[in-house]
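One structure below.
FYI, side chains are in, hydrogens and waters are out, and symmetry mates aren't considered; it's all heavy atoms of this structure. Sequence lines set the chain letters: A, B, ... in the order given, protein chains first and strands last, and positions in each chain run from 1.
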Protein chains: 2
Amino acid sequence: MDKNKQTARFEEVCRENGLKVTHQRLEIYRTLAQSDAHPSAEALHKLLVEKMPTLSIDTVYRTLATFEELGLVKRVGTMASRARFEAKIDQHHHFFCDQCGQLIDFTWNSFDAMYIPEEMKGLGKILEKNVVLHGICSKCLSKK
Amino acid sequence: MDKNKQTARFEEVCRENGLKVTHQRLEIYRTLAQSDAHPSAEALHKLLVEKMPTLSIDTVYRTLATFEELGLVKRVGTMASRARFEAKIDQHHHFFCDQCGQLIDFTWNSFDAMYIPEEMKGLGKILEKNVVLHGICSKCLSKK
DNA sequence: TCTTTAATAAGAATTAATCTTAATTAAAGT
DNA sequence: ACTTTAATTAAGATTAATTCTTATTAAAGA
């Protein structure tokens, strides 16, 4: 996606949702969109303060949360930033309820039997291969 | 796995690694092993203090970290408890280097085309289906 | 341009997680 | 049973990530 299209889409999404297109929001979005490092809020802030010295870390967190709600960005590999554990160590996968945080284990033999794409072999040594499903569990669905 | 086998294996792993089989370790392990809630350290502590009023939260954290090193337990859905973001919202997957924390995107069409197991349909509404690979990236591998 | 109201900055506050030190406890080996 | 030593407790300090509070600023519409 080229830069102008990206920005145009960004402004469109903001307007559709009644959000002001502020300088901060635009820069945060553009910086994230141009990165492939999956940066944390702090890493983004560090990059951005070079150009915008008064940008507060709070704005970065708040803005990312807003973007996440709009579906403009995604949060990866974390669930509410609190570590959770399991003693089940045989191969299995997880369904995560985005509403209540519940985790449900499941097995998927036909996936386990799959080989990862050939072009991935160069990445390094792969130790685990897991599926994560996200959604809303039936309990939360029935609450509405 | 039945309770006795589980405990026996636990004690064996401790002994193999020169760790004392303490009451606290055993209870923490058993409680986690009997749970399917993927509890946090705090949640586990809350459960355990009922029976062991002097158990400290610090011991729970320390013990879980020890267990993780031994491969007795796994930490799920978190990467060092720091949220990371991406603006790439088309369907893709992640390779995570457990050593340096680097995340690499990849696509996997034949996986994307798969249907999840029939018995999973009852879980609720599934919004996303992703693969997470864990391992050591080639950069980290070559450092040794 | 003026006004309204959402968004931001700055710093305080919170929360999870870890570390420190010293004193106590209890495994495991003799 | 005795001894050694690792592990735990207690209590507090510390660090890091995230969120909250309040006063100020600036986007968007009139």
Side-chain angles (χ1 to χ4, degrees), chain A residues 7 10-29 31 38-70 72-73 75-85 101, chain B residues 7-8 10-32 38-49 51-70 72-73 75-85 101:
Chain A
T7 303
F10 171 76
E11 298 193 351
E12 188 192 316
V13 173
C14 282
R15 296 228 167 78
E16 276 170 5
N17 291 276
L19 293 180
K20 293 180 179 172
V21 180
T22 65
H23 182 213
Q24 290 87 341
R25 280 179 178 157
L26 193 53
E27 287 307 310
I28 290 169
Y29 181 73
T31 304
H38 304 78
S40 65
E42 298 217 343
L44 269 176
H45 181 254
K46 198 176 261 180
L47 283 175
L48 286 159
V49 278
E50 310 244 320
K51 290 185 177 177
M52 311 167 66
T54 68
L55 180 71
S56 71
I57 182 70
D58 179 70
T59 295
V60 179
Y61 276 111
R62 192 167 17 77
T63 300
L64 287 171
T66 305
F67 289 173
E68 197 185 3
E69 281 172 30
L70 301 187
L72 279 169
V73 311
R75 186 181 296 257
V76 295
T78 174
M79 34 202 51
S81 84
R82 163 177 257 187
R84 290 168 64 177
F85 301 86
Chain B
T7 302
F10 170 77
E11 299 194 349
E12 188 191 315
V13 172
C14 283
R15 296 228 168 78
E16 276 169 5
N17 290 276
L19 293 179
K20 291 181 178 171
V21 180
T22 67
H23 184 213
Q24 289 87 342
R25 282 179 176 157
L26 192 54
E27 286 307 311
I28 290 170
Y29 180 74
R30 295 217 301 222
T31 303
L32 183 57
H38 305 79
S40 65
E42 299 218 341
L44 268 176
H45 181 252
K46 196 175 263 182
L47 283 175
L48 286 158
V49 278
K51 289 185 178 177
M52 310 166 67
T54 68
L55 180 71
S56 71
I57 181 71
D58 183 70
T59 296
V60 178
Y61 276 111
R62 191 169 15 79
T63 301
L64 287 171
T66 305
F67 289 172
E68 198 184 3
E69 281 171 31
L70 301 188
L72 277 170
V73 312
R75 187 179 296 254
V76 294
T78 175
M79 33 202 50
S81 87
R82 163 177 261 188
R84 289 169 66 176
F85 301 87

Enter the distance from [X]:[atom1] to [Y]:[atom2] here, rounded to the nearest 0.5 Å.
{"X": "Leu26(B)", "Y": "Thr63(B)", "atom1": "CG", "atom2": "OG1", "result": "11.5 Å"}
{"X": "Leu48(B)", "Y": "Thr54(B)", "atom1": "CG", "atom2": "OG1", "result": "11.0 Å"}
{"X": "Phe67(B)", "Y": "Arg25(B)", "atom1": "CZ", "atom2": "CZ", "result": "7.0 Å"}

query = Out of dT18(D), dT9(D), dA10(C), which nucleotide sits closest to the side chain of Tyr61(A)?
reply =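 Side chain of Tyr61(A) sits closest to dT18(D).
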ask   = Side chains of Leu44(B) and Leu64(B): closer than 4.5 Å at any heavy-atom pair?
value = yes
ask   = So, do His45(A) and Thr59(A) sit near enough that their side-chain heavy atoms are less than 4.5 Å apart?
value =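 Of all side-chain heavy-atom pairs linking Thr59(A) with His45(A), none is under 4.5 Å.
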d([atom1], [X]; [atom2], [N]) in whole Å:
{"X": "Asp58(B)", "N": "dA17(C)", "atom1": "CG", "atom2": "C1'", "value": "9 Å"}
{"X": "Asn17(A)", "N": "dA6(C)", "atom1": "CG", "atom2": "P", "value": "15 Å"}
{"X": "His45(B)", "N": "dA17(C)", "atom1": "NE2", "atom2": "P", "value": "13 Å"}
{"X": "Leu55(A)", "N": "dT8(C)", "atom1": "CG", "atom2": "C1'", "value": "9 Å"}

task = Using heavy atoms to find the nearest nucleotide of DNA chain D for Thr54(B) and Arg25(B) separately, return the residue whose nucleotide is more 5′.
result =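 Nearest-nucleotide comparison on DNA chain D picks Arg25(B).
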task = Would you mind building the protein contact string for nucleotides 22-30 of chain C? One character per nucleotide, 5' to 3', B for base within reach (heavy atoms under 4.0 Å), S for sugar-phosphate only, - for untouched.
result = -----BS--
